Protein chains: 2
Amino acid sequence: MAHLSDLEIANQSKLKPINDIARTAGIPESALEPYGHYKAKIDINQVKDNGDKGKVVLVTAMSPTPAGEGKSTVTVGLSDALHALKKNVMVALREPALGPTFGIKGGATGGGFAQVLPMEDINLHFNGDFHAITTANNALSAFIDNHIHQGNTLGIDQRRIEWKRVLDMNDRALRNVVVGLGGPTQGIPREDGFNITVASEIMAILCLATSLKDLKEKISRITIGYTRERKPVTVADLEVQGALAMILKDAIKPNLVQTIEGTPALVHGGPFANIAHGCNSVLATETARKLADIVVTEAGFGSDLGAEKFINIKAREAGFEPSAVVVVATIRALKMHGGVSKEELKEENVEALKKGIVNLERHVDNVRKYGLEPVIALNAFVHDTEAETEFVKQWAKDNGVRLALTEVWEKGGEGGIDLANQVLEIIDEPQSFNHLYDLELPIEDKIEKIVTEIYGGKKVTFSSKAQKQLQRFKENGWDNYPVCMAKTQYSFSDDASLLGAPEDFEITVRELEAKTGAGFIVALTGAVMTMPGLPKKPAALNMDVTDDGQAIGLF
Amino acid sequence: MAHLSDLEIANQSKLKPINDIARTAGIPESALEPYGHYKAKIDINQVKDNGDKGKVVLVTAMSPTPAGEGKSTVTVGLSDALHALKKNVMVALREPALGPTFGIKGGATGGGFAQVLPMEDINLHFNGDFHAITTANNALSAFIDNHIHQGNTLGIDQRRIEWKRVLDMNDRALRNVVVGLGGPTQGIPREDGFNITVASEIMAILCLATSLKDLKEKISRITIGYTRERKPVTVADLEVQGALAMILKDAIKPNLVQTIEGTPALVHGGPFANIAHGCNSVLATETARKLADIVVTEAGFGSDLGAEKFINIKAREAGFEPSAVVVVATIRALKMHGGVSKEELKEENVEALKKGIVNLERHVDNVRKYGLEPVIALNAFVHDTEAETEFVKQWAKDNGVRLALTEVWEKGGEGGIDLANQVLEIIDEPQSFNHLYDLELPIEDKIEKIVTEIYGGKKVTFSSKAQKQLQRFKENGWDNYPVCMAKTQYSFSDDASLLGAPEDFEITVRELEAKTGAGFIVALTGAVMTMPGLPKKPAALNMDVTDDGQAIGLF
């Protein structure tokens with residue numbers, strides 16, 4: 001079976017009508033808005049809260065490598081395994097961005113026999129959520145430029161506009177642009193740039209909002225830029241939060257789909273895991289918690305990024321506590337953290353494993369720092385040798401860490417039964433969950449706590465720009481927001497080449513961004529890409545559609 | 001009732017489930033892809049052609065004025081009247097653009113009691129068609145800039161790229177931009193600009209394509225720019241037509257909705273009526289013709305623009321002949337063409353009517369030039385006086401022109417019964433339809449024929465730029481395309497202030513654009529706006545959404 005592509009496996013799967021999936025999930029007919037036969041939006045106002053909310057299982061990972069770890073695949077496979085064990089389970093996932101599909105990126109809908117379907121729809125326009133976010137984001141840009149063009153009564157300093165335009169596209173030529181050229185009737189010339197849609201603050205807001213009302217309030221608090229006197233200018237000042245929320249009135253509704261094995265899945269929202277918090281929407285998770293006893297969900301990149309933000313930003317905002325944390329690891333990735341190159345991964349190398357396992361160890365320790373019990377999902381790949389697998393199993397036993405071998409890519413839910421059973425044990429145990437930091441701490445102390453306690457670093461340095469910003473943010477009363485770290489996903493440090501579990505390193509915060517709408521302060525370390533480019537031979541060259549509408553070459 | 005807004009009337013209307021509408025229209029269950037409860041897409045491959053295709057009634061208008069004539073309203077009202085007369089009728093309309101909603105524009109979904117519903121959905125993201133077009137358009141831009149950045153093996157001259165980016169937004173600051181700034185890793189700097197999505201050639205192609213296969217072929221023929229040797233570079237050269245067609249695989253499916261009175265409506269595609277041909281999709285019209293005996297449809301602006309292009313571009317491409325043409329006129333507009341200002345329209349002024357009626361007369365004559373029988377729909381407004389109405393009726397009688405008074409805004413289909421009956425008489429009469437020009441004529445002769453025979457002008461002048469382009473287009477073998485005139489809609493001439501029926505004027509073609517994908521040559525006269533701006537107080541300031549998701553202030 002391993003020779004089939006994800007799209008081929010998806011296409012040969014028999015989907016159930018979405019009404020059947022909704023019925024299984026306990027979603028009332030009145031709440032279901034079908035989009036074609038196999039997708040629907042859920043009117044959250046029609047889903048009752050019966051008081052007893054489902055437990056949340058978070059799937060995170062060791063520091064990712066170019067070899068690919070299969071976090072989404074394990075997330076889907078684990079939910080299918082729980083479904084197979086007759087548990088009332090739902091999976092909540094991020095929506096993939098459309099733009100990167102045309103570059104090199106694989107889908108974010110799982111893989112092999114652990115996928116959410118219909119994969120081609122989910123990977124393309126998927127009920128229009130990202131398009132609505134793009135529209136709301138760019139409407140705000142148009143309102144800002146129009147305000148300035150029409151007389152600028154708010155006194156916006158056009159050199160200090162923080163709000164950028166977005167497109168769901170890999171388009172490096174749009175990173176830095178000059179707009180408003182062409183003379184007095186064509187707007188005011190100024191420097192601008194486009195980010196990819198998943199980096200929009202509107203995306204982060206949509207994913208943290210607890211209702212449409214809350215969405216509108218958060219939008220009204222967005223800081224779009226500053227006056228010449230450095231006074232923040234917000235969306236509320238422009239009086240367009242109503243129009244922007246209206247654009248998002250359907251996008252805020254979670255999307256119901258299914259896994260290959262018929263487990264109900266809510267796939268909703270997809271903020272960047274570097275510039276934003278990298279989790280699916282609070283509303284999808286909370287809707288799933290109303291409907292199911294167990295909600296399996298994931299967060300972007302490794303536990304240092306996705307899980308940290310999941311716990312300190314998303315779970316805090318939503319007001320829930322995770323009940324178990326799965327840490328996905330692969331032998332391939334461990335070997336790369338032990339110094340093996342991607343080309344040499346097929347060869348057995350237990351020595352490299354021994355070296356690289358420190359990366360996993362730190363991720364496991366990190367999970368425990370939140371008072372949570374981790375279980376490692378060792379996600380099997382075809383070239384893993386018995387000696388290698390045995391080594392990792394023995395290491396886990398020696399270190400008192402739970403571990404389950406998963407083969408969900410090849411076998412679907414059946415390949416995740418051991419993992420599911422261990423998760424079921426954990427969620428029944430008492431936990432002593434805690435956030436890493438209190439919101440009342442100064443911003444710099446929050447950052448220092450993350451760097452020293454989660455990353456394992458020694459010290460944080462703030463650039464002179466960041467220091468000035470810290471001062472201004474204090475003056476603006478922005479000290480009590482949580483911090484959203486923007487850091488390379490490949491290393492615990494801000495240097496992507498420092499694999500394994502580096503120590504004694506310093507992290508430099510070069511710049512801060514106040515996302516007063518989403519409600520967090522972004523701390524930028526190193527170069528963070530917010531608009532990807534296309535490779536020399538984009539994946540688009542192999543894409544096509546048949547005369548009757550079947551996508552080809554999507555993955 | 002007249003004090004209710006269109007949105008309020010729409011909100012108080014009771015919609016039938018879209019499945020019921022589909023059943024009424026004879027659409028097989030297998031062809032129906034619901035989008036929520038009241039919208040659906042139609043899988044055109046599942047709609048059978050039983051050989052006997054419906055007759056097409058085209059609704060056009062006199063030269064529009066800022067007073068508004070209600071062409072869409074009459075189109076919907078006429079179809080409701082035919083529906084009330086138990087005819088098997090469908091209405092085919094354009095989709096409104098989203099961007100202009102935030103400026104000053106009213107909806108394009110009719111008005112009063114002659115509307116298509118759900119109006120707020122149709123006026124917002126409406127099944128994602130325009131977003132898919134935006135995405136395909138901008139993916140092509142990204143592929144072009146990436147090709148140049150990665151070595152430019154096709155030798156594209158970055159100063160001669162014709163392909164522009166688009167957004168469905170009124171955003172003047174994007175009209176003229178410089179992209180690719182920021183150094184060697186950020187692309188190649190060049191001048192670019194954004195049009196509004198409805199001006200995208202992809203939009204025109206989607207609306208002229210007869211199948212998904214044809215769509216892909218048309219896309220492959222788009223000329224994106226030229227080499228330094230002035231050789232055209234096409235999408236086929238970039239090898240991305242498959243990817244672009246894939247992006248549009250759902251957007252190409254017509255959207256089924258309903259009128260307030262339950263008449264099935266296909267609302268699909270909306271190319272600009274100035275830079276493009278201004279009609280709904282061929283596929284919507286042809287699908288409606290398979291299902292209904294009568295298809296009522298409209299074309300943008302007056303008969304000089306919309307109807308001319310409908311006949312010489314769309315109907316020719318689709319291979320059908322219209323069976324009747326309705327020319328919408330209002331007393332207000334006639335008075336404005338007779339010299340009355342917008343502020344003085346409420347006062348009776350038969351003298352101005354006498355002066356202004358020459359505008360209507362020329363539109364009526366124009367329809368007859370195609371061998372088609374016109375009927376005037378005199379669309380009633382509240383300030384029309386009896387003397388004014390009588391004057392127009394008598395004029396029609398004296399000149400042997402059919403005329404029906406329509407009150408569809410206030411009364412729905414009931415207000416269009418007379419019009420419907422006259423249309424029914426006409427479509428049973430034999431017609432002698434002809435296009436205005438043969439495709440084999442040289443481009444300049446086609447333009448001359450349109451200017452002298454339809455506009456009533458004396459002469460066409462080509463700028464030196466246009467003359468050079470004509471020469472090159474001939475060399476490129478582009479002489480046999482139909483012409484798509486870009487001209488002000490307010491006058492038969494290229495001077496918006498020349499109202500009534502100007503004579504002896506010259507038209508200057510300042511520039512040509514080769515739309516080799518859509519398959520027409522655009523002739524630009526005067527200043528044509530392809531990216532609108534926002535007014536000082538945009539409509540967005542009055543927009544909002546209730547906590548349970550109801551749009552406010554949309555119109």
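Note that the coordinates shown come from a computational prediction; the quantities given were computed from them, not determined experimentally.
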Counting only non-hydrogen atoms closer than 4.5 Å, does B/Thr546 touch chain A with its backbone (N, CA, C, O), its side chain (CB onward), both, or neither? backbone

Could you grab the distance from atom CD1 of B/Ile156 to atom CG of B/Leu238, nearest 0.5 Å is fine? 5.0 Å

Heavy-atom distance under 4.5 Å to chain B: side chain of A/Leu167, backbone, both or neither? side chain

Measure A/Pro535 against the heavy atoms of chain B and call it side chain, backbone, both or neither at under 4.5 Å. backbone

So, B/Asp168 side chain and B/Leu98 main chain: donor-acceptor pair closer than 3.5 Å or not? yes

Spatial distance of atom CE (B/Met169) from atom CG (B/Leu174) [nearest 0.5 Å]: 9.5 Å

Summary of salt bridge (charged side-chain N to carboxylate O under 4.0 Å, His left out) pairs that have at least one residue in residues 171-187 of chain B, sequence neighbours excluded: A/Arg165-B/Asp171

Could you state the interatomic distance from CD1 (B/Ile552) to CE (A/Met246), rounded to the nearest 0.5 Å? 10.0 Å

Residue, of B/Gly128, B/Ala139, B/Gly151, B/Ala251, that accumulates the most heavy atom pairs under 4.5 Å with chain A: B/Ala139

Honestly, the part of A/Glu120 sitting under 4.5 Å from a heavy atom of chain B is side chain

For chain B, which of A/Leu124, A/Leu215, A/Asn138, A/Asn127 has the most heavy-atom pairs under 4.5 Å? A/Asn138

Exercise: identify the closest heavy-atom pair between A/Pro96 and A/Asn123: CG-OD1, 3.2 Å

At a heavy-atom separation under 4.5 Å, does B/Leu534 approach chain A through its side chain, its backbone, both, or neither? both

Surrounding CD of A/Glu239 (heavy atoms of other residues, nucleotides or ligands, distance under 6.0 Å), is the total greater than 12? no

Backbone of B/Ile247 reached by a side-chain donor or acceptor of A/His125 within 3.5 Å: yes

Is it the side chain or the backbone of A/Asp145 that comes within 4.5 Å of chain B heavy atoms, both, or neither? side chain

Should we count CD of B/Glu217 as having more than 12 external heavy atoms under 6.0 Å? yes

Drop me the distance from B/Met531's CE to B/Asn176's CG, to the nearest 0.5 angstrom. 10.5 Å

Ignoring hydrogens and angles, tell me if any N or O in the side chain of B/Asn146 forms a donor-acceptor pair with the backbone of B/Ala142 under 3.5 Å. no

Under 3.5 Å, is there a donor on one side chain and an acceptor on the other for A/Asn137 and A/Ser200? yes

Can you pull out every salt bridge (charged side-chain N to carboxylate O under 4.0 Å, His left out) where at least one residue sits in residues 535-550 of chain A? Sequence neighbours excluded, please. A/Asp544-B/Lys216

So which bits of residues 180-187 of chain A come within less than 4.5 Å of chain B, counting non-hydrogen atoms only? A/Gly180, A/Leu181, A/Gly182, A/Thr185, A/Gln186, A/Gly187

Under 4.5 Å heavy-atom distance to chain B, tell me which part of A/Phe194 shows up: side chain, backbone, both or neither. side chain

If I measure from the heavy atoms of chain B, does A/Leu541 come under 4.5 Å with its side chain, its backbone, both, or neither? both

So which part of A/Ser211 gets closer than 4.5 Å to some heavy atom of chain B, the side chain, the backbone, both or neither? neither

Under a 4.5 Å heavy-atom cutoff, which of B/Thr134, B/Thr135, B/Val240, B/Asn45 has the most pairs with chain A? B/Thr135

Side-chain donor or acceptor of A/His147 paired with backbone N/O of A/Leu154 under 3.5 Å: yes

Residues from residues 32-42 of chain A approaching chain B under 4.5 Å (heavy atoms): A/Leu32, A/Glu33, A/Pro34, A/Tyr35, A/Gly36, A/His37

For A/Ile202 and A/Ile222: C-alpha separation, side-chain torsions, deciding distance, then whether side chain to side chain contact (heavy atoms under 4.5 Å, CB included) applies. CA-CA 9 Å; A/Ile202 302 270; A/Ile222 293 172; 4.1 Å; yes

Is it the backbone or the side chain of A/Asp121 that comes under 4.5 Å from a heavy atom of chain B, or both, or neither? side chain

With distance as the sole test, does B/His131 use its side chain to make a donor-acceptor pair with the main-chain N or O of B/Phe126 at under 3.5 Å? no

